[in-house]
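Input: a single structure, listed below in structure tokens.
Read the numbers this way: they start at 1 and go in the same order the structure lists the ligands and their atoms.
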Amino acid sequence: MTALRAGGASDVGQIRAVNQDSMRVGPRIFVVADGMGGHQGGEVASAMAIEAFDGGEQLATVTVNEIVSRVQEANESVFERSAEDPALSGMGTTLVAIALVVAEGEDRLAIVNVGDSRAYRLTGGQLEQVSDDHSLVGDMVREGRITKDQAREHPQKNIVTRAVGIDRQIEVDDFQLLPRKGDRYLLCSDGLTDEVTDDDIAGVLRTVDDPDAAAQSLVDMANEHGGRDNITVLIVDVVDDGDLAAAASAAVPDADTFSHHEASDTATFLAVPDDQAHLQSSTTPAGPSPDSSASPDSGVPTKRQRAVTWRSVLFVAVVVGLVGAGLWLANDYATNTYYVAIDDGEVSIFKGRPGGVLWLDPSLEESTGIDADDVPAEFLDDIEGERTFASLDRARTFVTNVGDRITELEPPPTTTTTTTSTTISTTTTTTTSTP
Ligand code: MN
């Protein structure tokens with residue numbers, strides 16, 4: 001049996017007036033939500049997201065699907081409440097949760113996330129981020145355009161690309177990991193990660209044993225570094241694992257292998273008849289992952305491993321290959337396009353297809369600083385018609401043309417006399433001209 005011990009701390013920070021973060025500390029489901037929206041919207045949204053998990057622990061067995069449905073329920077309730085109450089209009093929240101679930105008769109840890117609150121795992125002394133940030137800067141880091149450190153200081157770091165309660169439909173990432181004794185999990189809002197580097201976070205997690213004390217220490221550190229946002233830290237330690245989990249450990253991949261299974265391809269993943277064979281085949285071609293080398297039991301043969309036949313591995317490899325190619329094409333079609341539209345009164349470049357393709361929504365690529373009201377009439381058709389461009393450079397050229405035209409249309413600046421001495425000398429010359 002797996003046992004967990006947990007502790008958490010949440011603080012308003014040094015600048016904000018209210019704490020819009022919410023958290024739920026176990027016993028089997030742990031959640032951090034970072035609310036956003038004016039008035040009381042943020043607090044209401046994050047509190048509602050947490051409440052969606054109430055009663056979940058009374059179930060005989062919690063499954064990852066159950067956890068994902070709870071997030072979808074949270075999305076519906078926040079979305080509907082925001083539509084009903086004008087004061088709460090547009091509210092939303094991030095959500096990251098970890099839950100002890102049962103899959104295939106074994107204990108697993110399920111992690112779900114929407115938005116830029118994060119889940120980390122400290123294993124063998126190494127800290128790794130399990131979740132992907134659904135944010136503009138998160139996309140830029142994944143594309144290699146900026147580093148994680150640059151993201152922490154980026155002016156647009158607060159723009160999230162997914163949040164609970166904003167749309168009727170929501171895409172939830174989910175990850176499954178084996179509970180290993182000694183592993184430590186961290187859930188946190190961006191108020192921690194914008195102020196404290198991963199190295200400093202790892203330092204605290206390695207040295208402060210008590211989860212409450214470690215969480216408080218991280219909150220204090222974020223406050224010392226500025227505390228520009230609300231800070232919430234929740235730590236979950238795996239304190240005991242059963243023989244079952246240890247025996248299967250070698251056959252089940254770690255976070256790295258799971259990290260690209262987002263909501264939409266979970267269905268594909270489950271459609272494979274022998275799910276364990278899939279797990280096995282997805283680990284093998286990738287070679288040893290950084291984590292598997294640190295795992296003391298990764299080389300131990302198990303019953304599960306022997307059950308995998310080459311035929312099933314080949315079958316799964318073909319299916320995975322076909323699905324992968326399809327996803328790649330869809331992704332390429334959906335994201336290798338740009339268009340120019342008005343965002344918040346400003347001419348902005350978006351990446352993606354207007355309206356999105358499948359689950360791939362367009363994302364704000366860059367704002368241009370051009371006020372929508374200044375756009376000359378001749379460009380309005382292209383902007384309103386969401387004309388697409390094959391590259392970012394072409395979209396930028398279009399925007400440059402708009403800017404140049406605005407400058408041309410501006411009235412020429414009037415010249416004014418700026419010094420008093422000139423005025424005086426002019427007066428002197430006029431007085432001498434008498435016929
Ligand atoms: Mn925040």
Side-chain angles (χ1 to χ4, degrees), residues 8-25 30-52 71 74-75 78 82 88 90-98 111-120 129-141 146 148-166 170 172-173 186-198 200-201 215-235 363-364:
S10 186
D11 191 73
V12 66
Q14 302 295 302
I15 291 175
R16 301 285 170 94
V18 285
N19 191 348
Q20 298 192 317
D21 288 358
S22 296
M23 70 172 169
R24 178 187 209 280
V25 188
F30 306 83
V31 191
V32 165
D34 177 351
M36 55 199 88
H39 307 286
Q40 281 138 31
E43 297 139 86
V44 173
S46 70
M48 286 178 80
I50 300 287
E51 280 162 23
V71 181
N75 184 62
V78 175
S82 143
L88 301 175
M91 69 175 173
T93 182
T94 71
L95 185 150
V96 61
I98 182 165
I111 291 179
V112 294
N113 95 297
V114 176
D116 65 353
S117 296
R118 291 180 181 171
Y120 286 88
Q129 187 178 336
V130 177
S131 59
D132 292 325
D133 298 349
H134 305 136
S135 65
L136 203 61
V137 293
D139 288 345
M140 291 162 90
V141 170
I146 57 171
K148 226 174 162 179
D149 279 337
Q150 287 169 330
R152 290 173 48 237
E153 298 300 329
H154 198 280
Q156 290 172 316
K157 68 180 178 203
N158 292 323
I159 300 178
V160 292
T161 49
R162 280 195 229 167
V164 171
I166 302 294
I170 193 175
V172 182
D173 285 3
L186 164 72
L187 305 182
C188 61
S189 61
D190 63 344
L192 174 69
T193 49
D194 282 346
E195 304 291 9
V196 183
T197 63
D198 284 8
D200 288 344
I201 292 173
Q216 188 58 52
S217 164
L218 287 170
V219 166
D220 293 346
M221 207 178 247
N223 270 325
E224 281 154 23
H225 290 155
R228 287 165 289 181
D229 192 2
N230 306 145
I231 311 142
T232 300
V233 176
L234 204 165
I235 293 169
S363 61
L364 178 67

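Checking S189 against D21 by side-chain atom types alone, a donor-acceptor pair falls below 3.5 Å.
Put simply, the side chain of E43 never gets that close to the backbone of G35: no donor and acceptor are under 3.5 Å apart. When atom types are taken as modelled, the side chain of T161 and the backbone of S135 share a donor-acceptor pair closer than 3.5 angstrom. When atom types are taken as modelled, the side chain of T232 and the backbone of S10 share no donor-acceptor pair closer than 3.5 angstrom. Distance alone, capped at 3.5 Å, places no donor-acceptor pair between the R228 side chain and the I15 backbone.
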Checklist entry - After noting the C-alpha distance and the side-chain angles of D200 and H225, does the key distance pass the side chain to side chain donor-acceptor pair (under 3.5 Å) rule? => result CA-CA 12 Å; D200 288 344; H225 290 155; 5.1 Å; no
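Shown are the protein N/O/S atoms under 2.8 Å from the Mn ion (ligand 1), given by residue and atom: D34 OD2, D190 OD1, D229 OD2.
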